[in-house]
Amino acid sequence: MKQHINRRQFISRSSILTLGVAMAPQIIPSTLLGETSPSNQITLGFIGMGGQGLGRNLKGFQASKLSRVLAVCDCNTKRNELAKAAVDEKAGNTDCDTYQDFREILARDDIDAVVISTPDHWHVPMSLMALEAGKHVFCEKPSLTMVEGRQLTEAVKKSGKVFQWGIEDRCLTKYWLLSGLARTGAIGEIQNVYCDILVKPLWDKENPVAVPKNLDWNLWLGPAPAVDYTPQVTHGQRWRQHDDYSGGSLTDWGSHLCDTAQVGIGMENSGPVEISGIAEKLPETSYVTAPYHYKVQYKYSNGATIHVVNKGKGMQAATVRFEGTKGWAEVSGWNGELKAHDREIFRNKTLGEHPDFWPRPQLEQPDFLQAIVDREHTPVYHAETGHRLAAMLHLGHLAIKEEKTVHWDPAKEAFTQDAQQMMANRVYQRESRDWTKGL
């Protein structure tokens, strides 16, 4: 994704360049930039060709000469037609194969890696199957449960394959700068971080209808419970607001804003120790079952607190704001205006030399490819760090569902109080349907 810096939204282009010059440069291997023979290309199969799969991920990988797309797959065959057309146009041929069943992609020996852009409930089960089939895996965030996330992390370690979660924020200029500045102490010791999550509509339930001929409904449901088909579940992304398939905006937008928050307080490899949350009670007529209109507080062992709000008022939606003992800094709105109590902190070259400031990663698609080529390179959103982020968000969901304060030991990944009760919650772990037998 190209980043356009609007002068009215940022201090100035020169400000960001001034600080950027002081940072460690982004290094991309020459093989990612120049011509690469087909025999040396990484062959890819894409699974899930909705907006994220067809848009950001397909375009992101097609931009690299190192990758070659051999096949696309979606349980909705209409999406496959659009995806094949995009691949063939870029490649200048008609070689891209299409599948409705993702297992056919996993069975191909000539595919090195898969790119998974499905709804959340398929992320881990499909990734585990891909690793078992000997594929490198790029998968959209997040996991559906905490247990699944840990299972995936351990499976990646055993497989020896490269795994990358699709979360772009650490490589986006404004969030990289914001979290980096917070880590350096430029605004003092961080006490509070505020994340204002975008509010989605409160949809009512729909009546079931016949399954479209172009859709394999059983494959779409996969490990989720068997239910009748309703049209807007798949076409309007309403699935994201139902906890059979996702954790709602808390795990969706929360993955973006809260990652920056945890990085900024230096806790991206750990997690909170105390989590509390409340959410609006939903009417029985509502399709939405994931947390809606909520407030969640995450307290950390270093004294910082992350506040996550989904109320439709207060800060501008999709804002992340750090407040320290010496000032504050924020990105106001999604990838919006970078602000601070003193704009001069963005012109301070010495901050880029601070040991706690970190090098800016490249975009997640070329980062994944680089890790396959150079096995000494660890992708920025590797399995463990993505799991730590998702676990934080799941803990907030859990606190809302249980209506209790959750006490957590991030080092042991264990509940320190009410463990049996918390582990019985579907947010923590759940049974999967045997989708191989059909509906």
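Residues in residues 371-408 take part in these ring pair (Phe, Tyr, Trp, His ring centres under 6.0 Å) pairs, two or more places apart or across chains: Trp408-Phe415. Among pairs with a residue in residues 123-147, those fulfilling salt bridge (Lys or Arg N to Asp or Glu O under 4.0 Å) read Lys141-Asp252, at least two apart in sequence or across chains.
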Asn57 vs Gln52, test: side chain to side chain contact (heavy atoms under 4.5 Å, CB included). Steps then yes/no. CA-CA 6 Å; Asn57 287 334; Gln52 191 74 0; 3.9 Å; yes
Run the side chain to side chain contact (heavy atoms under 4.5 Å, CB included) test on Leu393 and Cys258 for me, step by step, so that the C-alpha distance in whole Å, both residues' side-chain angles and the decisive distance to 0.1 Å come before the verdict. CA-CA 8 Å; Leu393 302 166; Cys258 293; 3.8 Å; yes
What verdict does the salt bridge (charged side-chain N to carboxylate O under 4.0 Å, His left out) test give for Glu384 and Arg150, after you've listed the backbone C-alpha separation in whole Å, the side-chain angles of each residue and the deciding distance to 0.1 Å? CA-CA 8 Å; Glu384 179 71 31; Arg150 175 47 61 193; 3.0 Å; yes
As a quick check of understanding, evaluate side chain to side chain contact (heavy atoms under 4.5 Å, CB included) for Lys404 and Met422, giving each step before the final call. CA-CA 10 Å; Lys404 293 188 68 172; Met422 299 301 173; 4.2 Å; yes
If you apply the rule side chain to side chain contact (heavy atoms under 4.5 Å, CB included), what do you find for Val296 with Ser276, and how did you get there? CA-CA 6 Å; Val296 185; Ser276 57; over 6 Å; no
Worked verdict on Glu81 versus Arg79 for salt bridge (charged side-chain N to carboxylate O under 4.0 Å, His left out): CA-CA 5 Å; Glu81 296 169 8; Arg79 290 180 173 176; over 6 Å; no
Would Asp169 and His256 count as a side chain to side chain donor-acceptor pair (under 3.5 Å) if you check the C-alpha gap in whole Å, the side-chain angles of each, and the deciding distance to 0.1 Å? CA-CA 6 Å; Asp169 299 65; His256 297 286; 2.5 Å; yes
Using the salt bridge (charged side-chain N to carboxylate O under 4.0 Å, His left out) rule, take Glu268 and Arg388 through it: C-alpha gap first, then chi angles, then the decisive distance, then the call. CA-CA 7 Å; Glu268 71 275 14; Arg388 291 288 177 172; over 6 Å; no
Any chance you could lay out the side chain to side chain donor-acceptor pair (under 3.5 Å) test for His307 and Asn192, step after step, and finish with the verdict? CA-CA 7 Å; His307 309 261; Asn192 293 286; 2.8 Å; yes
Given Arg68 and Asp110, is the salt bridge (charged side-chain N to carboxylate O under 4.0 Å, His left out) satisfied, shown in steps? CA-CA 11 Å; Arg68 179 159 56 102; Asp110 60 340; over 6 Å; no
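Listed here is the closest heavy atom pair of Ile111 and Ala71: CD1-CB, 4.2 Å. Here the closest heavy-atom approach between residue Phe163 and residue Ser127 is recorded as CE1-OG, 3.7 Å. Nearest heavy atoms, Asp120 versus Gly247: OD2-N, 4.3 Å. Here the shortest heavy-atom pairing between Pro212 and Tyr229 reads CD-CE2, 3.4 Å. Counting all heavy atoms, side chain and backbone alike, Gly264 lies closest to Ile190 at O-CG1, 4.5 Å.
The closest side-chain donor-acceptor pair between Tyr294 and Ser249 falls under 3.5 angstrom. A donor-acceptor contact under 3.5 angstrom links the side chains of Gln262 and Tyr300, judged on distance only. Between the side chains of Asn80 and Thr98, no donor-acceptor pair of N or O atoms lies under 3.5 Å. Side chain to side chain, Asn218 and Arg433 meet the donor-acceptor criterion of an N or O pair below 3.5 Å. Looking only at atom types and distance, the side chain of Thr173 has a donor-acceptor partner in the side chain of Arg360 under 3.5 Å away. A donor-acceptor pair shorter than 3.5 Å can be found between the side chains of Asp243 and Thr289. A donor-acceptor contact under 3.5 angstrom links the side chains of Asp112 and Thr43, judged on distance only. Between the side chains of Gln100 and Asp74, no donor-acceptor pair is found at a separation under 3.5 Å.
The side-chain heavy atoms of Ile275 and Leu398, taken from C-beta on, include no pair separated by under 4.5 Å. At a threshold of 4.5 Å between non-hydrogen side-chain atoms, the residues Arg108 and Glu104 do not count as touching. Inter-residue side-chain proximity for Leu198 and Asn310 is flagged as unmet; no heavy-atom pair is nearer than 4.5 Å. Side-chain contact check for Trp217 versus Thr234: some heavy-atom pair is nearer than 4.5 Å. Under the 4.5 Å side-chain criterion, counting only non-hydrogen atoms from C-beta, Val193 is in contact with Val320. Annotation: side chain of Leu106 is in contact with side chain of Met129 (closest heavy-atom distance under 4.5 Å). Looking only at side-chain heavy atoms (C-beta outward), Ile265 and Asn302 come within less than 4.5 Å of each other. Counting only heavy atoms from C-beta outward, the side chains of Leu70 and Cys96 never approach each other to under 4.5 Å.
Expressed to the nearest 0.5 Å, how far CG of Leu363 lies from OG of Ser64 amounts to 11.5 Å.
For CD of Gln191, the number of neighbouring non-hydrogen atoms (other residues, nucleotides, ligands) closer than 6.0 Å is greater than 12. Around CD of Glu189, the count of heavy atoms belonging to other residues, nucleotides or ligands within 6.0 Å does not exceed 12. Applying the 6.0 Å contact sphere to CG of Asp109 captures no more than 12 heavy atoms from other residues, nucleotides or ligands.
Judged by distance alone, with hydrogens and angles left aside, the side-chain atoms of His123 form a donor-acceptor pair with the main-chain N or O of Thr118 at under 3.5 Å. Using a distance-only test at 3.5 Å, with no hydrogens or angles considered, no donor-acceptor pair links the side chain of Thr319 to the main chain of Asp196. The backbone N or O of Ala329 lies less than 3.5 Å from no partner atom in the side chain of Arg321, so there is not a single donor-acceptor pair. Side-chain atoms of Lys84 come within 3.5 Å of backbone atoms of Thr94 as a donor-acceptor pair (strictly under, hydrogens ignored). Between the side chain of Gln164 and the backbone N or O of Glu364, at least one donor-acceptor pair lies under 3.5 Å.
Applying side-chain hydrogen bond (donor to acceptor under 3.5 Å, both in side chains) to Glu280 and the options Lys295, His293, Lys311 leaves one that passes, His293. Results of the ring pair (Phe, Tyr, Trp, His ring centres under 6.0 Å) test with His242 over Tyr287, Trp203, Tyr292 single out Tyr287 as the only residue that passes. The one candidate from Trp220, Trp435, Trp239, Tyr245 that meets the ring pair (Phe, Tyr, Trp, His ring centres under 6.0 Å) condition with Trp122 is Trp435.
Contacts of Asn425 classified as side-chain hydrogen bond (donor to acceptor under 3.5 Å, both in side chains), with partners at least two apart in sequence or in another chain: Glu402.
Ring pair Phe61/Phe368 is perpendicular by interplanar angle, where above 60° counts as perpendicular and below 30° as parallel.
Stacking of Arg170 on the aromatic ring of Trp176 is not recorded, the 6.0 Å distance cut-off and the 45° axial limit not both being met.
Lys401 has no carboxylate O lying under 4.0 Å from a charged side-chain N of Glu403, or vice versa, which leaves the two without a salt bridge. Salt bridge absent: Glu154 and Lys158 never bring a charged side-chain N and a carboxylate O closer than 4.0 Å.
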